[in-house]
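Along the sequence shown, residues carry numbers from 1. Quick caveat, the model's predicted, so the values are computed rather than measured. Whatever order the structure lists them in is the order used to number ligands and atoms, beginning at 1.
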Amino acid sequence: MRLQPASAVDLVLEEADIFDWDADGRVFDTIIFSAWLHHVPHDRFDEFWSLVEGLLAPGGVVVFDFLDATVPSPGKVEVADEPSGGYTFHAPSDGVSIRDLDGHRWRVVHVLWAPDELRARLLGRGWEVAVLGPGLLSNMRWAAAHR
Ligand SMILES: C[S@@+](CC[C@H](N)C(=O)[O-])C[C@H]1O[C@@H](n2cnc3c(N)ncnc32)[C@H](O)[C@@H]1O
């Protein structure tokens, strides 16, 4: 197989809210998202995967990572009274975690998926999912999905 030089690949960077993004009818052979699925709230999961389905070309594959609910999270369990100076995340649980950055504190959508539960949920939507192996953090897993 001969790889195309990078200059021959038509790369386009677009910044958008994925839930509002107009792909202008384009579909893609490969869709990759990383450190993202855990920010999709439970009640938008189906909406998100409908979007992905509409963006994937026939025979395409989706590669993504997710936070494995069966593995302890690396975040701190206790929530300090005051926001920390650097970056810290506390009380990671299914649904929300608390993040501190430079003295500011906010809540972040933080969804955990047991691999079997995620696989079954996506199977119910017509996806076959293979959990591939460890991801960036100790509780992250890579996965690949196709229809
Ligand atoms: C944890 S970061 C991961 C960034 C990158 N994928 C990486 O691995 O470094 C999550 C990213 O999702 C982006 N994000 C949050 N809500 C989004 C939305 N509705 N549409 C598109 N991006 C969004 C945030 O701006 C942030 O850059």
Would you please name every residue forming a side chain to side chain donor-acceptor pair (under 3.5 Å) with N139, sequence neighbours left out? none
Identify which one of W142, W113, W49 satisfies the ring pair (Phe, Tyr, Trp, His ring centres under 6.0 Å) criterion when paired with F64. W49
Which salt bridge (charged side-chain N to carboxylate O under 4.0 Å, His left out) pairs, counting each pair once, include a residue from residues 65-92, with sequence neighbours left out? D68-R141
Test R147 against E53 for salt bridge (charged side-chain N to carboxylate O under 4.0 Å, His left out), laying out the working first. CA-CA 8 Å; R147 298 185 63 79; E53 183 181 340; 3.3 Å; yes
Those residues at least two apart in sequence (or on a different chain) that pass salt bridge (charged side-chain N to carboxylate O under 4.0 Å, His left out) with D116 are R119
Would you check if there is a donor-acceptor pair between the side chains of R99 and H104 at a distance under 3.5 Å? no
Check: every ligand 1 N/O to protein N/O pair under 3.5 Å:
| from | atom 1 | to | atom 2 | distance (Å) |
| --- | --- | --- | --- | --- |
| ligand 1 | 6 (N) | S34 | O | 2.8 |
| ligand 1 | 19 (N) | D17 | OD1 | 2.9 |
| ligand 1 | 20 (N) | I18 | N | 2.9 |

